[in-house]
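Report on the following structure.
Predicted model only: the values in this text are computed from it and were never measured.
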Amino acid sequence: RFCDGPWHRYLIDLLLVSPLVLLPAIGAAFGLSREKKAQVFLFSFIALSYLFMANVKYSMNLRYANMWDMPLRFLAFSQMAVLSARFGRREKLALGLLIAVVCAVELRQYFLLCVQFPMYELVSEGLLRAMRILK
């Protein structure tokens, strides 16, 4: 309720705010290899900073996790590129459709969280109420 909780609170909050970014980014983490240096670097950055942030008591919320936005989106895009490669010659169309769906969902999430239910503190309770999971 007040920026404290278990170590997985950032994952829950990010899943509520950007589900179609977080899930492919997590999927990209399972496909890391030495050849994908950018993805390894970004995943390492997220993992190490997550380790530190999850251990700070009573002072962290999703605003501080905003520094993971670009790395998560890059990892999600790389995973979507891998998934769209399975469509052969329609790879670019599939990638474009995936990106359009992610953009539409992100715009809906923005409208819901920032216009309909604006919050000052992005804590789990407020996010769950905005998503109508809690009443």
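The 12-atom threshold is exceeded at CZ of Phe117, counting heavy atoms of other residues, nucleotides or ligands nearer than 6.0 Å.
Leu42 and Leu20 are assigned to two separate hydrophobic clusters, defined by single-linkage of ILVMFWY side chains at heavy-atom distances under 4.5 Å. Taking hydrophobic clusters as Ile, Leu, Val, Met, Phe, Trp and Tyr residues chained together by side-chain heavy-atom distances below 4.5 Å, Val105 shares a cluster with Leu113. A single hydrophobic cluster is not seen to contain both Phe43 and Leu83; linkage of ILVMFWY side chains at heavy-atom distances under 4.5 Å, directly or through other members, places them apart. Under the 4.5 Å side-chain heavy-atom criterion for Ile, Leu, Val, Met, Phe, Trp and Tyr, Phe74 and Val101 are members of distinct hydrophobic clusters. Cluster annotation: Phe77 is connected to Met67 through the hydrophobic network of ILVMFWY side chains, with a link wherever side-chain heavy atoms come within less than 4.5 Å.
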Verdict with reasoning, Leu107 to Cys103, per side chain to side chain contact (heavy atoms under 4.5 Å, CB included): CA-CA 6 Å; Leu107 187 61; Cys103 290; over 6 Å; no
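Atoms CZ and CE, on Arg73 and Met70 in that order, are 11.0 Å from each other to the nearest 0.5 Å. For the atom pair Leu75 CG and Trp68 CH2, the distance stands at 13.0 Å (nearest 0.5 Å). Note that CG of Leu95 and CZ of Phe87 are 10.5 Å apart. Values are rounded to the nearest 0.5 Å. Residue Met53 holds its CE atom at 11.0 Å from CG of Asn55, rounded to the nearest 0.5 Å. Taken to the nearest 0.5 Å, the CG atom of Leu72 stands 10.0 Å off from the CZ atom of Phe45. Rounding to the nearest 0.5 Å gives a distance of 10.5 Å between CG of Leu23 and CG of Leu14.
Of the N and O atoms on the side chains of Glu106 and Ser18, at least one donor lies less than 3.5 Å from an acceptor on the other residue.
No side-chain heavy atom of Gln109 sits under 4.5 Å from any side-chain heavy atom of Leu16.
When all heavy atoms of Leu98 and Ser84 are compared, the pair lying nearest together is CD1-CB, 4.5 Å. Contact record, Pro24 with Pro19: CD-O, 4.2 Å, taken as the closest heavy-atom pair.
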Review item, side-chain donor-acceptor pairs of residues 30-40, under 3.5 Å, at least two apart:
from  : atom 1 : to    : atom 2 : distance (Å)
Ser33 : OG     : Glu35 : OE1    : 3.0
Lys36 : NZ     : Gly31 : O      : 3.3

